[in-house]
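Report on the structure given below.
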Number of protein chains: 2
Amino acid sequence: MRITSLVECSTRIMVRLASLQPGATLSAEKLSDLENVSRDYVDQILQRLRKGGLVASTRGAQGGYSLAKASSAISIGELVRAVEGQVFEEVCERYSSGEHECRHMSNCGIRPVWLRLGEMIEGFLDKVTLDQLTVPEPRAFAATMAFIKDFEKEGRIQHDKRR
Amino acid sequence: MRITSLVECSTRIMVRLASLQPGATLSAEKLSDLENVSRDYVDQILQRLRKGGLVASTRGAQGGYSLAKASSAISIGELVRAVEGQVFEEVCERYSSGEHECRHMSNCGIRPVWLRLGEMIEGFLDKVTLDQLTVPEPRAFAATMAFIKDFEKEGRIQHDKRR
DNA sequence: TCATACTTGATCGAATTAGTCAGGTATGCT
DNA sequence: AGCATACCTGACTAATTCGATCAAGTATGA
Ligand code: FES
Ligand code: FES
């Protein structure tokens with residue numbers, strides 16, 4: 001299990017944009033230079049981010065990109081969904097057809113673990129916002145605390161009956 | 001991010017073995033039939049599990065496999081490490097060389113997020129044990145609670161100075 | 001009207017994953 | 001002993017996904 005290069009590059013780009021003065025923009029070309037990612041790849045990433053509503057673009061000469069909303073309102077989870085479509089693919093969905101299908105489905109003891117893991121990962125990334133990644137003076141991850149509190153409240157993994 | 005087919009199949013096999021009576025064994029052939037996974041693939045998986053010290057094998061006619069220790073002493077994290085080598089690959093290690101390297105490394109605001117995510121995933125899977133996956137009468141995931149408690153105690157993501 | 005820069009979608013090689021295959025070795029049973 | 005059963009090993013290959021490139025635009029500011 002890992003973070004893909006796509007997410008890694010996208011995050012670096014978003015952090016660059018987050019460190020911009022209000023009103024300022026950064027061109028795809030500049031971003032490419034700054035992060036040492038090919039221009040074409042940067043273009044592709046920015047396009048996905050734009051479609052996801054995370055960045056805004058200004059066309060024409062002296063154009064460029066900026067965040068579409070406050071960096072405190074953009075989570076890494078959103079970012080991942082924007083560039084990859086989803087944060088965590090559920091295994092029993094993926095293998096639910098064909099020869100080697102996930103066999104239990106109903107009243108299965110395994111499924112809840114993957115479900116819970118997915119919720120956990122997604123919950124975490126949804127709580128971490130862009131402004132928390134800016135350096136210098138990184139802020140403590142207060143939001144993470146809230147997430148963990150919620151997690152604790154629910155308390156246990158429920159075994160599902162084929163939901 | 002997802003659970004691979006390898007982990008999925010391995011887990012199903014381990015749950016089968018966990019549901020065995022003490023002293024009983026299950027042949028690779030039977031496991032293959034039960035879980036609808038090719039015999040060759042089952043062999044490969046069992047071999048990795050054996051090398052990881054999770055299952056024991058008896059050779060010869062009427063031979064077979066069984067768990068090497070109590071199902072309550074085997075975590076899903078261990079299982080994943082046995083069959084895939086690791087649970088979560090750290091991104092800033094993976095891309096740390098070559099053209100498109102992870103650029104910040106020292107006093108980076110992004111890195112701690114991936115580190116923390118990895119700790120969280122691994123921590124979770126290390127707390128979930130095989131016996132918790134047996135059906136019928138699945139137990140509540142009490143261990144998960146302990147994990148979350150610990151997580152809360154530490155409390156926040158630390159920004160590292162190039163550790 | 002030109003240069004700059006965004007926009008779209010296809011394509012393609014590299015890497016990883018998923019699964020197969022061939023050829024063993026060890027053990028129990030008759 | 002001889003044979004059947006079943007474990008064991010590692011190489012190999014097909015399928016899929018990832019990472020990145022490429023070609024061919026459109027829109028805008030100077
Ligand atoms: S392992 Fe997927 S439903 Fe049980
Ligand atoms: S993004 Fe990897 S070290 Fe900063």
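Per chain, numbering begins at 1; letters A, B, ... match sequence-line order. If you're wondering where the values come from, they're calculated on a predicted model, not measured in any experiment.
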TODO: Determine whether the side chains of D40(A) and S38(A) contain a donor N or O and an acceptor N or O closer than 3.5 Å.
DONE: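 There is no such pair between these side chains.
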Measure the distance from [atom1] on [X] to [atom2] on [N] and round it to the nearest whole Å.
X: R50(B); N: dA6(D); atom1: CZ; atom2: C1'; answer: 13 Å
X: Y41(A); N: dT8(C); atom1: OH; atom2: C1'; answer: 17 Å
X: Q47(B); N: dC7(D); atom1: CD; atom2: C1'; answer: 7 Å
X: D43(A); N: dA24(D); atom1: CG; atom2: P; answer: 17 Å
X: Q62(A); N: dA5(C); atom1: CD; atom2: P; answer: 6 Å
X: E84(A); N: dG19(D); atom1: CD; atom2: C1'; answer: 11 Å
X: I45(A); N: dC6(C); atom1: CD1; atom2: P; answer: 14 Å
X: E8(A); N: dC18(D); atom1: CD; atom2: P; answer: 16 Å

Open item on the list: Using the side chain to side chain donor-acceptor pair (under 3.5 Å) definition, which of the options R81(A), Q86(A), K127(A) pairs with E122(A)?
Closed with: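 Single side chain to side chain donor-acceptor pair (under 3.5 Å) partner of E122(A) among R81(A), Q86(A), K127(A): R81(A).
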Under 4.0 Å between a side-chain N or O of [X] and OP1 or OP2 of [N]?
X: R2(B); N: dA18(C); answer: yes
X: K51(B); N: dG10(D); answer: yes
X: S57(B); N: dC8(D); answer: yes
X: S38(A); N: dT21(D); answer: yes
X: T58(B); N: dT27(C); answer: no
X: R39(A); N: dT21(D); answer: no

Open item on the list: Base, sugar-phosphate or nothing for K30(A)? Non-hydrogen atoms, less than 4.0 Å.
Closed with: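 Touches nothing.
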- [ ] Measure from the side chain of R59(B), starting at C-beta and using heavy atoms only, and say which of dG24(C), dA20(D), dA18(C) lies closest.
- [x]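 In terms of side-chain proximity for R59(B), the closest of dG24(C), dA20(D), dA18(C) is dG24(C).
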- [ ] Would you mind telling me which residue lines up with the more 5' stretch of DNA chain D, Y65(B) or Q44(B), judged by nearest nucleotide?
- [x]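 With Y65(B) and Q44(B) compared, the 5'-side residue is Y65(B).
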Task: Which residue lies more 5' along DNA chain D, comparing D40(B) with A61(B) via nearest heavy atoms - done: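 Nearer the 5' end of the strand: A61(B).
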Open item on the list: Please give me the minimum heavy-atom distance between L130(A) and M14(A), naming the atom from each residue.
Closed with: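 Result for this residue pair: CD1-O, 3.7 Å.
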TODO: Quick one: closest heavy-atom pair of V42(B) and A28(B), and the distance?
DONE: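 Scanning both residues, the minimum pair turns out to be CG1-O, 3.7 Å.
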Task: Basic-acidic side-chain contact under 4.0 Å: E119(A), R116(A) - done: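 Answer for the salt bridge query: yes.
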